[in-house]
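Read the structure below first, then the notes.
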Amino acid sequence: MDLVCETTRLQISHFAEDGDAAFILRLLNEPSFIRHIADKNVRTLDDAQAYLRNGPIASYTRHGFGLSRVALKEGGTPIGMCGLIQRDNFPDVDMGYAFLPEYWSKGYAIEAARGVLETAVRVHVLQRVIAFVNPDNAESSRMLEKLGFVFEKMVRMQPEEDEIRQFAITLRPA
């Protein structure tokens with residue numbers, strides 16, 4: 001398990017296909033994930049392993065980054081994911097995140113995002129990162145604004161999909 005970064009309360013590391021499949025199965029089937037992000041059609045442990053293998057793990061190999069496992073330092077309990085994504089149809093790298101509902105409103109998402117953004121500058125030398133949010137997800141929009149992201153425009157991830165909000169941040173080395 002490759003460590004991406006640590007924060008005060010969290011450890012952010014690469015996903016493992018076998019070890020994290022059950023967690024991913026639960027996270028991707030949370031009603032909030034399906035509503036605010038997408039239904040990834042991950043319904044079995046085999047589906048979850050394929051999602052990890054073809055998504056985050058393939059991204060680590062291809063780009064050196066991807067969505068990563070966010071776990072509590074104390075006890076190692078996985079609580080969500082946060083990381084960088086390079087999509088084929090967007091020139092900028094974007095930051096994605098999702099957390100189990102029982103860990104919302106505790107500051108974990110913003111703490112993980114700050115760690116990922118610091119790594120984006122320090123390790124990957126990124127100068128700009130974008131993020132996408134469904135228009136009805138006010139909590140996520142507020143979190144991005146607290147991090148320094150600004151709303152840029154409405155975009156479509158795919159031509160047939162509804163428009164979503166695109167935010168961006170300019171990163172500066174520490």
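Each residue takes its place number in the sequence, starting with 1. What's counted below: heavy atoms across the whole structure, side chains too, no hydrogens, waters or symmetry copies.
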Looking only at atom types and distance, does a side-chain atom of [X] sit under 3.5 Å from a main-chain N or O of [Y], one as donor and one as acceptor?
X      : Y      : answer
Thr119 : Gly115 : yes
Tyr60  : Phe15  : yes
Lys73  : Thr7   : yes

Within the 4.5 Å heavy-atom criterion, are [X] and [Y] side-chain neighbours or not?
X      : Y      : value
Leu52  : Asp20  : yes
Ile164 : Val133 : no
Phe167 : Val150 : no
Ser32  : Trp104 : yes

So, Glu152 versus Gln166: side-chain donor-acceptor pair below 3.5 Å or not?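 Note: Glu152 and Gln166 side chains meet the donor-acceptor criterion.
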Flag the pair [X] and [Y] as a salt bridge only when some basic side-chain nitrogen lies within less than 4.0 angstrom of an acidic carboxylate oxygen.
X      : Y      : result
Arg35  : Asp136 : yes
Glu161 : Arg156 : no
Arg26  : Glu102 : yes

List the steps, then state whether side chain to side chain contact (heavy atoms under 4.5 Å, CB included) holds for Leu100 with Glu30. CA-CA 7 Å; Leu100 294 172; Glu30 281 293 330; 4.0 Å; yes
For Gln158 and Asn89, what are the C-alpha separation, side-chain angles and deciding distance, and is it a side chain to side chain contact (heavy atoms under 4.5 Å, CB included)? CA-CA 9 Å; Gln158 298 295 327; Asn89 50 343; 3.7 Å; yes
Single-linkage hydrophobic cluster, 4.5 Å side-chain cutoff, Ile34 and Leu25 together: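 As far as the 4.5 Å side-chain criterion goes, Leu25 and Ile34 are not connected within one cluster.
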Derivation and outcome, salt bridge (charged side-chain N to carboxylate O under 4.0 Å, His left out), residues Lys146 and Glu111: CA-CA 11 Å; Lys146 283 181 186 176; Glu111 186 175 328; over 6 Å; no
Taking the six-membered ring for Trp, is the centroid-to-centroid distance between Phe132 and Phe90 below 6.0 Å?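 They qualify: ring centres under 6.0 Å apart.
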Where do Glu6 and Gln11 land on the side-chain hydrogen bond (donor to acceptor under 3.5 Å, both in side chains) test, with the steps shown first? CA-CA 5 Å; Glu6 285 188 332; Gln11 187 174 56; 3.2 Å; yes
Reference residue Leu28; test side-chain contact (heavy atoms from CB on, under 4.5 Å); the match among Asn41, Val42, Asp47: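 Filter result, single survivor: Val42.
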Parallel, tilted or perpendicular: which describes the rings of Phe65 and His124, with under 30° parallel and over 60° perpendicular?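 Perpendicular.
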CG on Asp18 to CZ on Arg53, rounded to 0.5 Å: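 Answer for the CZ-CG pair, Arg53 versus Asp18, is 9.0 Å.
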Can you tell me how far the CD1 atom of Ile169 sits from the CG atom of Leu126, to the nearest 0.5 Å?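 Separation between the atoms: 12.0 Å.
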Evaluate Val155 against Glu163 for side chain to side chain contact (heavy atoms under 4.5 Å, CB included), listing each step before the verdict. CA-CA 5 Å; Val155 297; Glu163 285 189 326; over 6 Å; no
Run Arg165 and Asn134 through side-chain hydrogen bond (donor to acceptor under 3.5 Å, both in side chains) and show every step you take. CA-CA 6 Å; Arg165 302 180 81 200; Asn134 280 331; over 6 Å; no
Around atom CD of Glu74, are there more than 12 heavy atoms of other residues, nucleotides or ligands at under 6.0 Å?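 No.
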Carefully, step by step, assess Ser140 and Tyr97 under the rule side chain to side chain contact (heavy atoms under 4.5 Å, CB included). CA-CA 9 Å; Ser140 194; Tyr97 48 89; 2.4 Å; yes
